Amino acid sequence: MEELAKKYSFKDIEEKQYLNCEKKSFFHGRIDQSKNPFSIVIPPPNVTGILHMGHALNNTIQDILIRQKKMRGNETLWMPGTDHAGIATQNVVERKLAKENLTRDDVGREKFLKLVWDWKQEYGSTIIKQLRSLACACDWKRTRFTMDEGYSDAVLEVFIKLHEKKLIYRGNRIINWCPRCQTALSDEEAPHKDMEGFLWYIKYPVKDAKKFLTVATTRPETMLGDTAVAVHPKDERYKDLIGKTVILPLMEREIKIIADEFVDPAFGTGAVKVTPAHDPNDYAMGKRHDLEFINVLHPDGRCNENAGDYNGSDRFEARKAIIEDLKQLKLLVKVEGHSNAVGHCYRCHTVIEPYYSKQWFVKMKPLAVPALKAVKDGRINFHPQRWTKVYLNWMENIQDWCISRQIWWGHRLPVYYCSKCEDENDYEKGVFVSRVKLDKCPDCASNEIYQDPDVLDTWFSSWLWPFATFGWPFHKTKNSSPESIELKKRELEYFYPTAVLVTAPEIIFFWVARMIMSGFEFMGDIPFKDVYLHGTVRDDGGKKMSKSLGNSIDPLEIIAEYGTDALRFSLISITSIGQDVYLAKEKFEFGRNFCNKIWNASRFILINLEGADVTVKAIPVKGELNLADAWILSRFNLTLKKLNESLAKYRLNEAANVIYEFFWHQLCDWYIELSKLNINSIVTKTVLYNMLEKSLRIMHPFMPLITDEIWQKVTGTDTSIMSKSWPDVDEDYIDTDIEKQMQIIMDVCVCIRNLRSENNIKPKDKVDVKIKHEDPQILNILVSNSEFLMSLAKVGNINPKVTADSNNPVVISSTAAGAEIGIIISLDESFDPEKEKQKIDAQIKELNAHITRKDKLLGNVNYVKKAPPAVVEKEKQSSLELKQEIEKLEKIRSALK
RNA sequence: GGGCGCGUAGCACAGUUGGUUAGAGCACCUCCCUUACAAGGAGGGGGUCGUAGGUUCGAGUCCUACCGCGCCCACCA
């Protein structure tokens, strides 16, 4: 056994230990039919990602689960990788170009893509490197990227298959358009935020009448594309106007007044301007009434040639101008403040424009059926459970998924159009979905065929993550042999479905729900059994940590200052299941201090085990152990039991705190202190060794690096605890009687320390103690373990008969564990019997309050009748004990001169 | 408009199915550099568990309403 360095220095051990595990392939998962598989796929961070606290939390949780399962004998696999993050990554490279005053159009598609790949090559592994600094036990050799060759093949396969099943289609729809990114977005990518805006009331002159019809709108600029005004069919105010015509101001266009049930007569004026090309509701009305669709915006948000005089001006500039012009024309009736929810681009936060456009969609309803069922019948479970409802609600109201994006970085749609055959009115004519590149039209053989310039939504590749990462669909590539394909197939079979998905609730819709759907569609099975949703990391003011807010704490900085293990343990211990995590830098001191404690306690044990022949198995049977030995073994097994329960329920903070409590406040504070009395006994040494060895095992998933370092010193090996087994609970050592006895010793010890402290007795000075108890058994426990008290409370003599003498003439007493405890002190001027009496009076008063409450309870016939007998008995006993304690205190009080 | 979470000590939090005198951490006060550890040890002060009702023998825990904070979803212009 080697000694540990005097000072714990995480910098000297952490990286070394991580590399050691990796070198020994402990992170590698492979098929082992003798074991149960336990696999996790990492939520792939964006290639543009920089490690933040959310990642730190997310991956620490996964790492704990993986390591613990591996120790429990499962064959574990943690699949790592990154996501190409279409828009986000494209934006990064575009911003880089912008610094040189270039746009992507300036460089062209091919060159631009090369620039993105170059960027990916250079910076794309940053996040992976950073994950390693968290000590993640990922199987790095398997690291996947959503745009690597095989993965792209999966995306292609899925597109083709869904298209064959008519679940992918092309159509003209109102979609969410980001004028800055200039692409369509899915509904999930355009979150609505409440904004304070205005409701403008605008008069539309009725044709051939000296009347006006007033409409209310939040987006006046869209009036340029109005093709009707709608009122409710039963609205008496407007009944006679239905079918008539109004003149659209500014455009001088004649538009119809239509009747539609959609209109709410109570809102605004009860008359709605209808802009079918720029609003989803108006779109629906436009369809119902066969209205014209006039698009008045360029893709970049400027007004187009359909916008009359406003052609060329930005949508918000146009809004201002239109309001001014309407004012001039005296057509603006009034303006009201109005708050409504406005969609924003989830990548650049620009206000979304509902935009009429031709896009590709996935029909979701059929895919949702098995995904709904699996969660309803419990084949997939959410933790915490409340998210189930959120999931089900979304699934039940699922909308079709817009998957085409007008950007360049991503999987290009495997769709080809023939210029000759294309037909504006027929979405399928001249359109070909193909696995291979087409250079001739399959219909007319024309070579005027071109591939769709669009790429697929990033999530269209990530939703395949749980199986595509294993090599599905196993097509032959230039680097694959039939054997390697065969192996991949078997690996998927072995590791799929994965055990648990660990992620944040923000992406339930984006990702979790879609993976469940794709799992059923392509694997015919769930992708994972459990979904563990952890909270969001916030600053201590409750704000979400983000780079843009400038309130983030950099995990790498924390690692540099406190160490990886400290970061992990701190983070986990303050993360209660599903709750958001409030972080401040100081919180990491918690983990650091604990690591330090582990180090020092281990150091003590190692020093004292020097040369001793101890093994884990050599613990004597219980009867041969002293109280302290038996107690700590009981504590350990109870701790382990609780730990196992907490882990099974994903209550990792509870698990961390159970470990902390045991190691620090039981093993260190009491057992190690007591062990010093018998440090040369082989039994004590064995127990110490055993406790250290087992503690290291159970702490390893939480703090893998420090535990491995100590483990190697303890065992003289160079292995990792990862490859060792999780301890079993040994019920034989759990002993409530031993626990009770030890509790008495501890209570009395605290009582003596308390008396010493209150009476200003110097820590070095020994005191004589007088202990009285009516119960000879308890007295016996105290007397036979008196050496513990002598050591822990610096007691000289301990004896029921100790009396004051002329040198030490005063006995100061208190009660603990039902015993009367007195210490003999020498009299000095600071001693004031009156103060002692007051102290005792206060104690008595408090006890009396409890007794009164209890007696009232016990006097209640309903309570005695209805409460479980054990509870009643406990109350009775407790009341009795309190009364006895008061008696003792009163005796002590009256003895005071 | 619907849904969810939170409100417990000065601070930020835990409290699993309702059952002894509501818990640790940080901060604070007193004492101690005691031979594993001052990133430590011993002791201590501090809480009408957001408010008001209700269910119950018994409520921080369950129910209802309300107040405050935060989040998510939804096509009311």
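Quick caveat, the model's predicted, so the values are computed rather than measured. Throughout, protein chains are lettered first and strands after them, A, B, ... in sequence-line order, and every chain is numbered starting at 1.
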Check your understanding: Would A:E654 and A:K649 pass as an ion pair if we require N to O under 4.0 Å?
Key -> no

Check your understanding: Is A:C668 touching bases, backbone alone, or none of the nucleic acid, heavy atoms closer than 4.0 Å?
Key -> base

Review point. Got a donor-acceptor pair under 3.5 Å from the side chain of A:E673 to the base of B:A36?
Key: yes

**Study point:** Integer-rounded Å distance: B:G15 P and A:K649 NZ
**Key:** 11 Å

Check your understanding: Which nucleotide sits closest to the side chain of A:D264: B:A77, B:G41, B:A24?
Key -> B:A77

Review point. For A:D765 and B:C31, what is the distance between atoms CG and P respectively, to the nearest whole Å?
Key: 16 Å

Review point. More 5' along RNA chain B: A:K389 or A:N596, using each one's nearest nucleotide?
Key: A:K389

Review point. Can you tell me how far C1' in B:U48 sits from the matching atom in B:U8, rounded to whole Å?
Key: 12 Å

Practice item. Rounded off to whole Å, could you give me the CG-to-P distance for the A:D260 and B:C75 pair? Key: 17 Å

Exercise for review: Identify whether any heavy atom of A:F267 sits under 4.0 Å from a base atom; if not, whether one sits that close to sugar-phosphate; answer base, sugar-phosphate or nothing.
Suggested key: base

Review point. With a 4.0 Å cut-off on heavy atoms, is A:V750 in touch with a base, just the backbone sugar-phosphate, or nothing at all?
Key: sugar-phosphate

Review point. Are A:R635 and A:E739 within salt-bridge range, i.e. N to O under 4.0 Å?
Key: yes

Review point. Taking NZ, NE, NH1 and NH2 as the nitrogens, is one of them in A:K676 or A:E673 under 4.0 Å from a carboxylate oxygen of the other?
Key: yes

Exercise for review: Look at A:N760 and B:U30 and indicate whether a side-chain polar atom (N or O) is within less than 4.0 Å of OP1 or OP2.
Suggested key: no

Point to revise | Rounded interatomic separation in angstrom, taking CG from A:L674 and P from B:G41 | key: 15 Å

Check your understanding: Side chain of A:N653: nearest nucleotide among B:A14, B:A24, B:G40?
Key -> B:A14

Exercise for review: With P as the reference atom in both, quote the distance from B:A59 to B:U20 in angstrom, rounded to an integer.
Suggested key: 12 Å

Exercise for review: Name the nucleic acid region contacted by A:K597, choosing base, sugar-phosphate or nothing; use a 4.0 angstrom heavy-atom cut-off, strictly under.
Suggested key: base

Practice item. Counting heavy atoms from C-beta on, name the nucleotide in B:A12, B:C73, B:A36 closest to the side chain of A:A601. Key: B:A36

Check your understanding: Rounding to the closest angstrom, what is the interatomic distance between B:C32 and B:G23 at atom P?
Key -> 30 Å

Check your understanding: Distance check: side-chain N/O of A:N754 vs OP1/OP2 of B:G44, anything under 4.0 Å?
Key -> yes

**Study point:** Short N-O contact, A:E353 and A:R219, less than 4.0 angstrom
**Key:** yes

Exercise for review: Find which nucleotide of RNA chain B each of A:L199 and A:I607 is nearest to by heavy atoms, and output the residue with the more 5' nucleotide.
Suggested key: A:I607

Exercise for review: Select base, sugar-phosphate, or nothing to describe what A:E589 touches, counting heavy atoms under 4.0 Å on all strands.
Suggested key: nothing

Point to revise | Spacing of A:Y346 atom OH relative to B:C71 atom C1', expressed in whole Å | key: 20 Å

Exercise for review: Locate the shortest heavy-atom distance separating A:V263 from A:G270; write the atom from each residue and the value.
Suggested key: CG1-O, 3.3 Å

Review point. When all nucleic acid strands are considered with a 4.0 Å heavy-atom cut-off, which category describes A:F262: base, sugar-phosphate, or nothing?
Key: base

Review point. Would you say A:K7 reaches B:A36's phosphate, i.e. side-chain N/O to OP1/OP2 under 4.0 Å?
Key: no

Review point. Does the side chain of A:D226 pick up a donor-acceptor pair with the side chain of A:T275 at under 3.5 Å?
Key: yes

Exercise for review: Could you check how far CG of A:N600 sits from P of B:A38, rounded to whole Å?
Suggested key: 7 Å

Review point. Using the P atom in both, what is the distance from B:C28 to B:C73, to the nearest Å?
Key: 42 Å

**Study point:** Nearest-nucleotide pick for A:K676, side chain only, options being B:A36, B:C72, B:A42
**Key:** B:A36

Exercise for review: Classify the nucleic acid contact of A:W200 as base, sugar-phosphate or nothing, counting any heavy atom under 4.0 Å across all strands shown.
Suggested key: nothing

Review point. Touch check for A:H338, heavy atoms < 4.0 angstrom, all strands: base, sugar-phosphate only, or nothing?
Key: sugar-phosphate

Exercise for review: Please state the C1' separation for the pair B:A22 and B:C67 - nearest whole angstrom.
Suggested key: 24 Å

Review point. Can you tell me how far C1' of B:C76 sits from CG of A:N340, to the nearest Å?
Key: 10 Å

Practice item. Sticking with atom P, work out how far B:G47 lies from B:A9, rounded to a whole angstrom. Key: 10 Å

Check your understanding: B:G40, B:G43, B:G41: which one has an atom nearest the side-chain heavy atoms of A:R753?
Key -> B:G43

**Study point:** Short side-chain N/O contact to B:U16 OP1/OP2 from A:K642, under 4.0 Å
**Key:** no

Practice item. Taking only the side-chain nitrogens and oxygens of A:R386, find out if one of them lies under 4.0 Å from OP1 or OP2 of B:C4. Key: no

Check your understanding: Counting only heavy atoms not in A:E881, do more than 12 fall under 6.0 Å of its CD?
Key -> yes

Check your understanding: Just checking A:G270: base, sugar-phosphate only, or nothing, at a heavy-atom cut-off of under 4.0 Å?
Key -> base

Check your understanding: Does NZ belonging to A:K794 count more than 12 external heavy atoms closer than 6.0 Å?
Key -> no

Exercise for review: Looking at every strand, decide which applies to A:I672 at a 4.0 Å heavy-atom threshold: base, sugar-phosphate, or nothing.
Suggested key: base

**Study point:** Sole residue of A:Y391, A:W387, A:Y532 in ring pair (Phe, Tyr, Trp, His ring centres under 6.0 Å) with A:F382
**Key:** A:Y391

Practice item. Would you please confirm or rule out a distance under 4.0 Å between OP1 or OP2 of B:G41 and any side-chain N or O of A:W664? Key: yes

Practice item. Could you check whether A:P868 gets within reach of a base, just the sugar-phosphate, or nothing at all, counting any heavy atom under 4.0 Å? Key: base

Review point. Can you tell me how far C1' in B:C4 sits from the matching atom in B:G45, rounded to whole Å?
Key: 39 Å

Point to revise | Short side-chain N/O contact from A:K6 to OP1 or OP2 of B:A36, under 4.0 Å | key: no

Practice item. Could you state the atom-to-atom distance from CZ of A:R603 to C1' of B:A39 in whole Å? Key: 15 Å

Review point. Mind checking the C1' distance from B:A38 to B:U61? Whole angstroms is fine.
Key: 40 Å

Review point. Within the structure, does a side-chain N or O atom of A:H192 lie under 4.0 Å from either OP1 or OP2 of B:C72?
Key: no

**Study point:** Under-4.0 Å side-chain N/O to phosphate OP1/OP2 contact, A:R651 with B:G15
**Key:** yes

